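First the structure, in the form of structure tokens, and then the observations on it.
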Amino acid sequence: MSNQEAAAASNFIRQIIDRDLAEGKNDGKVATRFPPEPNGYLHLGHAKSICLNFGIARDYNGTCNLRFDDTNPEKESQEYIDAIKTDVLWLGYEWDRLCHASDYFEQLYAFAEELIRAGKAYVCDLNAEQMREYRGTLTEPGKNSPYRERSAEENLDLFRRMRAGEFDSGTRVLRAKIDMAAPNINLRDPTLYRIRKGAAHHQTGEAWAIYPMYDYTHALSDALEGITHSLCTLEFEDHRALYDWFVENVDAPSRPYQYEFARLNLEYTVLSKRKLTELVNEGHVKSWDDPRMPTIAGIRRRGFPPEAIRDFCTRIGVTKSDGLVEIAMLENCVRESLDATAPRAMAVLRPLKVVITNYPEGQVEEMTAANHPKDQSMGTRTVPFSRELYIDQGDFVEVAPNKKWKRLTLGGEVRLRNAYVIRCDEAVKDADGNIVELRCSYDPDTLGANPEGRKVKGVIHWVSASHGVPAEIRLYDRLFNVENPGAAKDRDWRQDLNPESLVVIEGVVEPSLAQAAAGARFQFEREGYFCVDRKDSTTGRPVFNRTITLRDTWAKIAGKG
RNA sequence: UGGGGGAUCGUCUAGCGGUAGGACUACGGACUCUGACUCCGUCAACCCAGGUUCGAAUCCUGGUCCCCCAGCCA
């Protein structure tokens with residue numbers, strides 16, 4: 001982590017910790033945890049939680065565990081565990097302990113027997129549908145299960161037989177005996193354990209026929225790990241009463257407290273694991289790490305630097321009010337990071353041939369170009385210049401559309417970046433009137449010097465035709481066309497997918513780019529930031545992903561007519 | 001007509017009884033061998049109504065609007 005990264009701004013959770021510390025709680029220790037379920041890939045919403053939890057541990061000299069909340073074997077897998085570890089590390093954080101809730105299955109089971117003995121839990125034979133009926137509604141109290149008053153002995157016997165695999169999946173559950181009339185539905189005798197006979201768990205195999213539920217597992221795992229501040233998102237606020245009930249009704253080794261913060265919502269994207277899974281499964285994107293995905297794997301492949309994500313997370317802050325963060329906020333962080341760190345290069349995305357008629361045939365000059373306009377330490381490189389070049393089609397028009405146009409026109413002059421000033425003498429067209437080639441002349445006195453007696457305002461980039469390397473360029477854009485996909489209830493969120501979120505073109509890049517390392521990030525001058533695709537790029541066939549465009553003031557001016 | 005939360009510039013936030021501040025965006029301008037970067041400047045907010053107070057975004061009362069909860073998912 002770089003030093004210049006400002007310490008995270010304070011927030012209500014840090015204030016709570018400050019207060020706890022001032023009061024001498026927890027022996028002055030701060031312990032957090034990041035508890036993903038390994039049933040999908042991490043996304044930007046998780047990044048917010050990761051930065052919060054690991055950031056607090058770092059700033060308070062505390063600890064932060066990575067804990068896999070793996071209580072639902074049917075939806076989880078080792079693939080996700082591996083991906084999650086990779087993502088946390090990539091974001092720049094290291095966990096103190098790597099844990100699995102399944103590490104605690106035996107202890108969790110013992111706590112359950114403790115609850116049963118105390119008459120605080122019972123085995124219920126109601127099926128799922130009956131349980132729903134007995135639960136009542138938001139406005140009506142539920143009613144007690146007919147199995148609620150079983151003796152501790154009978155419950156113990158039944159529960160042990162559940163564990164032993166004597167009963168089929170779904171036939172019985174262990175429930176906490178709390179209050180079926182509680183206005184908080186979570187307290188209406190919640191399920192603690194369900195039977196999943198024969199389910200293969202990625203960590204415990206077939207050792208267990210019963211699996212604990214989230215609320216129970218999470219609270220007690222926190223207590224077992226000595227977590228002091230258990231941070232989760234707002235939708236769990238209602239669960240806090242249950243959380244407290246568990247840690248208070250069992251002989252737990254510590255007393256953690258839960259605090260809730262608002263989850264991240266980001267414009268033009270979806271951040272729900274369910275929807276992201278559907279995007280992958282339904283083929284709207286190619287994979288979990290498709291550069292259009294808001295997953296950590298996706299944005300990594302897209303070229304977003306981890307420090308930009310951390311910066312973003314500190315800028316959006318942590319509160320209890322839910323909002324929708326503008327995509328511009330994220331984009332600003334990415335550009336700011338990349339501007340400082342990405343070496344510059346020249347690449348022509350939509351090539352238009354230029355022949356410099358007064359430049360000697362066969363001659364090649366090695367132009368020296370700075371790798372960064374402000375950071376000398378990034379050094380220079382050499383770019384071959386020759387008689388035939390490519391420039392971008394967008395950098396030439398026969399007649400300037402207005403007085404603000406600075407690029408090349410027929411009869412006009414423009415500077416070739418890091419090289420000479422040229423004048424366009426002729427635009428060669430094909431039978432259909434398309435411009436296929438420009439015939440230009442160069443001014444030999446303009447290398448590293450301004451021309452005499454006239455001002456050339458425009459600067460455009462170029463690549464030598466014979467030296468340039470063809471490359472696949474993947475232009476990524478937002479995945480959705482609407483600010484808040486999924487917000488309209490009467491419309492399927494898939495309807496708002498952007499059909500042009502990926503446009504693949506064939507460009508020509510300067511030769512120095514041919515052997516760029518996988519994942520390497522560059523600024524293609526005047527175009528944007530690009531990175532070498534980690535999966536598909538090869539030396540013979542470079543593939544570049546557009547991370548983000550440069551800010552484009554000209555597009556705004558042009559757009560206004 | 002249940003319970004739990006939340007409302008401050010367009011957006012994300014700071015504020016904790018004493019001049020409503022920052023970042024992003026937008027809009028001007030300067031600079032420029034990247035229409036980038038950088039720099040300078042401008043616009044812009046306390047959900048509403050009462051009350052307490054010398055003084056209220058902050059405390060009190062009453063409203064309004066928004067979000068979450070009825071999995072043997074997390």
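In what follows, chains carry the letters A, B, and so on, assigned in the order in which the sequence lines appear, proteins first and then strands, with residues in each chain numbered from 1. Keep in mind that what you see is a predicted model, and the values were worked out from it rather than measured. When reading the values below, keep in mind they use all heavy atoms of this one structure, side chains included, and skip hydrogens, waters and symmetry mates.
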Pick the [atom1] atom in [N] and in [M], then give their distance to the nearest Å.
| N | M | atom1 | answer |
| --- | --- | --- | --- |
| B/A14 | B/A45 | C1' | 13 Å |
| B/A36 | B/U25 | P | 13 Å |
| B/A44 | B/G22 | P | 14 Å |
| B/G29 | B/G63 | C1' | 47 Å |
| B/A70 | B/G4 | C1' | 14 Å |
| B/C24 | B/U42 | P | 16 Å |
| B/U34 | B/G41 | C1' | 24 Å |
| B/U52 | B/U58 | C1' | 13 Å |

Inset, instruction - Write down the distance between CG (A/Asn265) and P (B/G6), rounded to a whole number of angstrom. - result: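 Going from CG in A/Asn265 over to P in B/G6 covers 17 Å.
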With sequence neighbours excluded, tell me which residues meet side chain to side chain donor-acceptor pair (under 3.5 Å) with [X].
| X | result |
| --- | --- |
| A/Arg350 | none |
| A/Arg19 | none |
| A/Glu365 | A/Tyr359, A/Tyr420 |
| A/Thr171 | none |

Inset, instruction - May I ask you to test the A/Asp395-A/Leu408 pair for a side-chain heavy-atom distance under 4.5 Å? - result: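 SC-SC contact between A/Asp395 and A/Leu408 ruled out.
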N/O (side chain, [X]) to phosphate O (OP1/OP2, [N]) under 4.0 Å:
| X | N | answer |
| --- | --- | --- |
| A/Arg196 | B/C73 | yes |
| A/Thr139 | B/U1 | no |
| A/Lys556 | B/A26 | yes |
| A/Arg194 | B/A74 | yes |
| A/Gln130 | B/G71 | no |
| A/Arg135 | B/G71 | yes |
| A/Arg335 | B/C37 | no |
| A/Arg526 | B/G35 | yes |
| A/Thr553 | B/A36 | yes |
| A/Thr217 | B/A74 | no |
| A/Arg551 | B/C37 | yes |

Legend entry - Base B/C69 to side chain A/Glu237, donor-acceptor N/O within 3.5 Å cut-off: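 Side chain to base: no pair below 3.5 Å.
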Legend entry - Base B/G3 to side chain A/Asp238, donor-acceptor N/O within 3.5 Å cut-off: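 Pair found.
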Inset, instruction - Quick one: label A/Pro141 by what it contacts on the DNA or RNA (base, sugar-phosphate, nothing), any heavy atom closer than 4.0 Å. - result: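 Nothing, no nucleic acid heavy atom in range.
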Inset, instruction - Could you check whether A/Lys320 gets within reach of a base, just the sugar-phosphate, or nothing at all, counting any heavy atom under 4.0 Å? - result: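 It contacts sugar-phosphate atoms only.
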[N] pairs with, by Watson-Crick or G-U criteria that keep both distances under 3.5 Å:
| N | answer |
| --- | --- |
| B/U19 | none |
| B/U38 | B/A30 |
| B/U53 | none |
| B/A7 | B/U64 |
| B/G2 | B/C69 |

Legend entry - Ring centre gap for A/Phe68 and A/His202 strictly below 6.0 Å: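 Ring centroids of A/Phe68 and A/His202 are no less than 6.0 Å from each other.
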Legend entry - A/Phe524-A/Phe544 aromatic ring centre distance below 6.0 Å: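 Yes: the rings meet the under 6.0 Å criterion.
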Tabulate protein N/O versus nucleotide N/O from nucleotides 43-47 of chain B, keeping only pairs under 3.5 Å, one per line.
none

Legend entry - Least distance between heavy atoms, A/Val334 atom then A/Thr547 atom: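 Shortest heavy-atom contact: CG1-CG2, 4.2 Å.
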Inset, instruction - Specify the glycosidic conformation (syn or anti) of B/G71, with syn defined as within 90° of 0. - result: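 Here the answer is syn: the torsion falls within 90° of 0.
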Legend entry - Whether A/His461 side chain and A/Arg417 backbone form a donor-acceptor pair below 3.5 Å: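 The answer is no, because no donor-acceptor pair under 3.5 Å joins these two groups.
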Inset, instruction - Identify, between A/Glu74 and A/Leu138, the residue whose nearest nucleotide on RNA chain B lies closer to the 5' end. - result: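 In this pair, the answer is A/Leu138.
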Listed nucleotide nearest any side-chain atom of [X], set [options]:
| X | options | result |
| --- | --- | --- |
| A/Lys374 | B/C37, B/C72, B/C73 | B/C37 |
| A/Asn332 | B/A14, B/G15, B/C24 | B/C24 |
| A/Glu326 | B/C12, B/A74, B/U11 | B/U11 |
| A/Arg344 | B/A36, B/G35, B/U11 | B/A36 |
| A/Asn72 | B/U34, B/C68, B/C73 | B/C73 |

Inset, instruction - Go through residues 38-47 of chain A and report each residue with a non-hydrogen atom lying under 4.0 Å from RNA chain B, sorted by number. - result: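 Contacting residues: none.
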Legend entry - Verify stack between A/Tyr214 ring and B/A74 base, 5.5 Å, 30 degrees: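 Check failed, A/Tyr214 does not stack on base of B/A74.
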Inset, instruction - Classify the angle between the aromatic ring planes of A/Trp288 and A/Tyr41 as parallel (below 30°), tilted (30 to 60°) or perpendicular (above 60°). - result: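 A/Trp288 vs A/Tyr41 ring planes: parallel.
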